[in-house]
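Data first, discussion second: the structure below is written as structure tokens.
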Amino acid sequence: MIPTIFALATAPGRAGVAVVRVSGPASGDALAALTGKPLPEPRMATLVRLRDPKTREALDDALVLRFTAPRSFTGEDVVELHLHGGRAVVAGVVEALATLPGLRVAEPGEFTRRAFENGKLDLTEAEAVADLVDAETSAQRRQALRQMEGALGTLYDGWREWLTRSLAHIEADIDFPDEDLPSGVSDAARPVLSTLAAEIDAHLDDRGRGERLREGLHIAIVGAPNAGKSSLLNALARREAAIVSARAGTTRDVIEVHLDLGGYPVVLADTAGLREAAADEVEEEGIRRALDRAARADVKVAVFDATALPTLDPATVALLDKDTVLVLNKTDVVDATVPTVGGWEAVAVSARTGAGLPELERRLMAFTADRLAGSGAPALTRARHRSALEECRDALRRALIAPLPELMAEDVRLASRALGRITGRVDVEDLLDVIFRDFCIGK
């Protein structure tokens, strides 16, 4: 028998309201045991007193909701207990549920897994539930909601339907050569496969927008020692995230802060100062990590010291490229003319006074929006999506040059399976349905 699971569905800790969810065949019995009363009508919020099933001690006055299968999140019978959010209340109800037969604590993600297994969600929608819970910015929320509503799954299912129909035509040409079928049935699939391969190529050519939006755009602050990198990080983060000192080499490791920049997630990293002669092996390792982070960053903020003009740190100048925002710091100390380095004009700021920071933030927002803003089409959001799509595209390319229908069919089948792995739909029975519908009706 399928066990009934329960868990706290809201964040742990003290709160005004806490929700405990119960899912499985014994969820109704569990509610009856806690209330000692007949079950309320489905989808009707009811105020009841919950009691310990053994001692009948009062646990809480709660608002309860009951959902009957399959019209629930998991597709099973589900009960939600909306409790007062005190720790003692939640602990008492959870302990009482644990004493009931057939119930156990849910494993992490088990409610969503049951929803997938019962056909309430595909894998992309299940992943979107986790993304929505983790969303910290409005752009992340919008992407997760769109994926949870099925935008990504619908796109991939549509492509898979194309492949299924094409495969049905190819298989018909192979299996029924003596039947009265139209000539060149399998050749008619080639334009469809070519169009689909081009669409997948365009979908993949998005500079990792969806993945970056989930994880945050990486911005590395680089520059010479004492250029004011840590002070700039603190100013942008609006808190003391990094230690600031006049002594060179204070920052030895990479320090990260997560920011919401114009609705987009950003991971801002302060790095060790760049210089040729490190004071010791620890600073040398810090410089190596700084260069590595700069190489992997989506955007670099190159910080130059205004008090050192006209000299510009050569190690920092060497990192400048089209993905760099130049910053001239300490402009409150000296009245410096903003230089142009390598064709890029620097932003004059003072990390100490805050002067120029709004303009720097606008520059960074422009970089961020350029890399993360979408065109309206759903974006793939995980490395496993990208891997499966690349596998699908490669199989389609092989199918288009296959010398035999049998080889063409095998590659189309592999392409369809790759798409099916993304959504969790790997059935092959739909192929038989299409063959019957397109070639057997009326024969």
Side-chain angles (χ1 to χ4, degrees), residues 116 121-131 139-140 143-144 146-171 186 189-218 265 295-298 323 370-428 430-431:
F116 166 70
L121 301 170
D122 68 25
L123 281 183
T124 62
E125 292 165 346
E127 290 167 337
V129 172
D131 290 348
Q140 287 176 317
Q143 175 171 277
R146 190 173 186 192
Q147 184 170 326
M148 194 170 71
E149 290 168 353
L152 204 57
T154 299
L155 176 66
Y156 297 154
D157 283 342
W159 286 347
R160 192 160 177 263
E161 174 64 19
W162 284 16
L163 291 177
T164 300
R165 295 184 66 86
S166 298
L167 183 57
H169 285 236
I170 299 168
E171 293 282 11
S186 59
R190 292 185 185 275
V192 174
L193 301 182
S194 179
T195 299
L196 181 54
E199 286 197 15
I200 292 176
D201 262 332
H203 187 58
L204 287 167
D205 187 22
D206 66 347
R207 298 186 297 176
R209 175 171 60 87
E211 295 108 313
R212 280 188 170 96
L213 188 52
R214 281 188 63 245
E215 300 168 2
L217 195 78
H218 285 264
R296 292 187 291 111
D298 300 299
D323 295 320
D370 176 64
R371 284 154 180 75
L372 297 185
S375 60
L380 58 96
T381 58
R382 280 173 166 74
R384 77 171 191 91
H385 301 172
R386 188 171 297 277
S387 176
L389 287 167
E390 289 172 348
E391 183 180 334
C392 176
R393 177 201 58 196
D394 293 344
L396 290 176
R397 288 174 176 173
R398 291 194 305 269
L400 288 169
I401 60 174
L404 298 172
E406 290 82 359
L407 297 177
M408 185 181 185
E410 179 59 22
D411 282 322
V412 172
R413 190 176 294 110
L414 291 174
S416 179
R417 288 174 181 169
L419 282 179
R421 285 201 305 273
I422 300 178
T423 59
R425 298 191 176 107
V426 291
D427 301 328
V428 295
D430 48 2
L431 175 60

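Scope of the values below: all heavy atoms of this structure, side chains included, with no hydrogens, waters or symmetry mates.
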Hey, are the side chains of [X] and [Y] touching, using non-hydrogen atoms and a 4.5 Å cut-off?
| X | Y | answer |
| --- | --- | --- |
| Arg165 | Val192 | no |
| Leu396 | Leu163 | yes |
| Thr124 | His385 | yes |
| Phe116 | Val129 | no |
| Leu372 | Gln143 | no |
| Leu167 | Ser416 | no |

Query - Check against side-chain contact (heavy atoms from CB on, under 4.5 Å), Arg386 and Asp206 - result: CA-CA 11 Å; Arg386 188 171 297 277; Asp206 66 347; 2.9 Å; yes
Requested in this report: From the options Arg393, Arg417, Arg398, select the one residue that forms a salt bridge (charged side-chain N to carboxylate O under 4.0 Å, His left out) with Asp411.
Outcome: Arg398
Query raised in the report: Are the side chain of Glu125 and the backbone of Asp122 linked by a donor-acceptor contact shorter than 3.5 Å?
Result: yes
Query raised in the report: Is the backbone N or O of Arg190 less than 3.5 Å from a side-chain atom of Ser194, with the two atoms forming a donor-acceptor pair by type?
Result: no
SB check [X] [Y] (cutoff 4.0 Å):
| X | Y | result |
| --- | --- | --- |
| Glu127 | Arg384 | yes |
| Arg413 | Glu410 | yes |
| Asp298 | Arg371 | no |

[X] to [Y] - nearest heavy-atom pair and separation:
| X | Y | value |
| --- | --- | --- |
| Arg160 | Leu419 | N-CD1, 3.8 Å |
| Ala415 | Cys392 | O-SG, 3.5 Å |
| Ile170 | Ala409 | CG2-CB, 3.7 Å |
| Ala399 | Met408 | O-CG, 3.6 Å |

Query - side-chain contact (heavy atoms from CB on, under 4.5 Å) evaluation trace for Val412 with His169 - result: CA-CA 11 Å; Val412 172; His169 285 236; over 6 Å; no
Roughly how far, to the nearest 0.5 Å, is [atom2] of [Y] from [atom1] of [X]?
| X | Y | atom1 | atom2 | answer |
| --- | --- | --- | --- | --- |
| Thr423 | Leu121 | OG1 | CG | 12.0 Å |
| Ile200 | Glu390 | CD1 | CD | 11.0 Å |
| Leu123 | Leu152 | CG | CG | 11.5 Å |

Query raised in the report: Of the options Ile422, Thr154, Leu196, which is the one that meets Trp159 in a side-chain contact (heavy atoms from CB on, under 4.5 Å)?
Result: Leu196
Report summary line: Given the options Arg209, Gln140, Gln147, Thr381 meets side chain to side chain donor-acceptor pair (under 3.5 Å) only with Gln147
